[in-house]
Amino acid sequence: QVHLAESGGGSVQAGESLRLSCEASGYTYSKNCMGWFRQAPGKKREAVAAIDSKGTLSYADSVKGRFTISKDNQKNTLYLQMDRLKPEDTAIYSCAAVGLLCKNSVAGWSADISYVYWGQGTQVTVSS
């Protein structure tokens with residue numbers, strides 16, 4: 001059974017940094033796409049970034065140049081380094097995974113329907 005568990009959220013001031021982690025257990029797909037999504041109160045869930053097993057990276061325009069997605073295959077852990085945080089980055093951040101390359105997923109890396117497995121989420125709050 002696949003289980004994704006996020007950690008690393010918290011409350012910070014604008015301009016500061018946070019690193020989120022998503023530990024995957026029971027996930028043995030040789031081809032995979034893993035992504036980070038976020039959902040702010042009253043808003044739809046949106047894609048933040050994704051990385052697949054070939055190392056292909058994808059980012060939402062709103063976070064390009066500030067966020068970096070990476071993974072440690074030895075630790076089965078996905079990361080999201082978030083720098084120069086803004087109040088509009090405040091949201092619940094969730095990791096997601098699917099056993100396909102991102103380009104071969106149902107609707108692309110940025111569509112939540114492309115992913116099968118989801119974590120519970122971690123809160124990120126950025127104050128001005």
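The residues of the chain are indexed from 1 along the displayed sequence. In this text the structure is predicted, and so the values were computed from the model without any measurement.
Of the charged side-chain nitrogens involved, at least one lies within less than 4.0 Å of a carboxylate oxygen, so that Lys64 and Asp61 count as a salt-bridged pair.
Here the shortest heavy-atom pairing between Cys95 and Leu78 reads CB-CD2, 4.1 Å. Shortest non-hydrogen contact noted between Ala91 and Ala40 is CB-N, 3.8 Å. The heavy-atom pair separating Ala49 from Leu80 by the smallest distance is CB-CD1, 4.4 Å.
Lys71 and Asn32 share a side-chain donor-acceptor pair at under 3.5 Å. With 3.5 Å as the limit, one finds a donor-acceptor pair spanning the side chains of Asp83 and Ser17. There is a side-chain donor-acceptor pair under 3.5 Å between Gln13 and Ser127.
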Using the rule given for side-chain contact (heavy atoms from CB on, under 4.5 Å), can you reason through Glu6 versus Ser94, listing the C-alpha separation, both sets of side-chain angles and the distance that settles it, and then say yes or no? CA-CA 7 Å; Glu6 302 94 339; Ser94 301; 3.7 Å; yes
Cys33 vs Leu100, side-chain contact (heavy atoms from CB on, under 4.5 Å): CA-CA, chis, key distance, verdict: CA-CA 6 Å; Cys33 177; Leu100 297 167; 5.8 Å; no
Report the C-alpha distance between Asp89 and Arg66 in whole Å, list the side-chain angles of each, state the deciding distance to 0.1 Å, and finish with yes or no for side-chain contact (heavy atoms from CB on, under 4.5 Å). CA-CA 11 Å; Asp89 294 319; Arg66 299 189 300 121; 2.7 Å; yes
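Residues forming a salt bridge (charged side-chain N to carboxylate O under 4.0 Å, His left out) with Arg84 (at least two apart in sequence, or on another chain): none. Residues passing the ring-ring contact (aromatic ring centres under 6.0 Å, His included) test with Phe37, sequence neighbours excluded: Tyr115, Trp118.
Connection of Trp109 to Val106 is not established within any shared hydrophobic cluster, with ILVMFWY side chains joined at heavy-atom distances below 4.5 Å, either directly or through further cluster members.
Remark: side-chain polar atoms of Tyr59 are paired, donor with acceptor, to backbone N or O of Ile69 under 3.5 angstrom.
Heavy atoms of other residues, nucleotides or ligands lying less than 6.0 angstrom from CD of Glu16 number more than 12. Heavy-atom neighbours of Glu23 CD from other residues, nucleotides or ligands within 6.0 Å: at or below the threshold of 12.
Each of Leu57, Asn104, Leu101 was evaluated against Asp52; a single residue qualifies, Leu101, per the side chain to side chain contact (heavy atoms under 4.5 Å, CB included) test. Each of Thr90, Val63, Val124, Ile92 was scored for a side chain to side chain contact (heavy atoms under 4.5 Å, CB included) with Arg38, with one residue passing: Val63.
For the atom pair CD (Gln39) and CG (Asp112), the distance works out to 9.0 Å, reported to the nearest 0.5 Å. Residue Tyr93 holds its OH atom at 7.5 Å from CG of Leu20, rounded to the nearest 0.5 Å.
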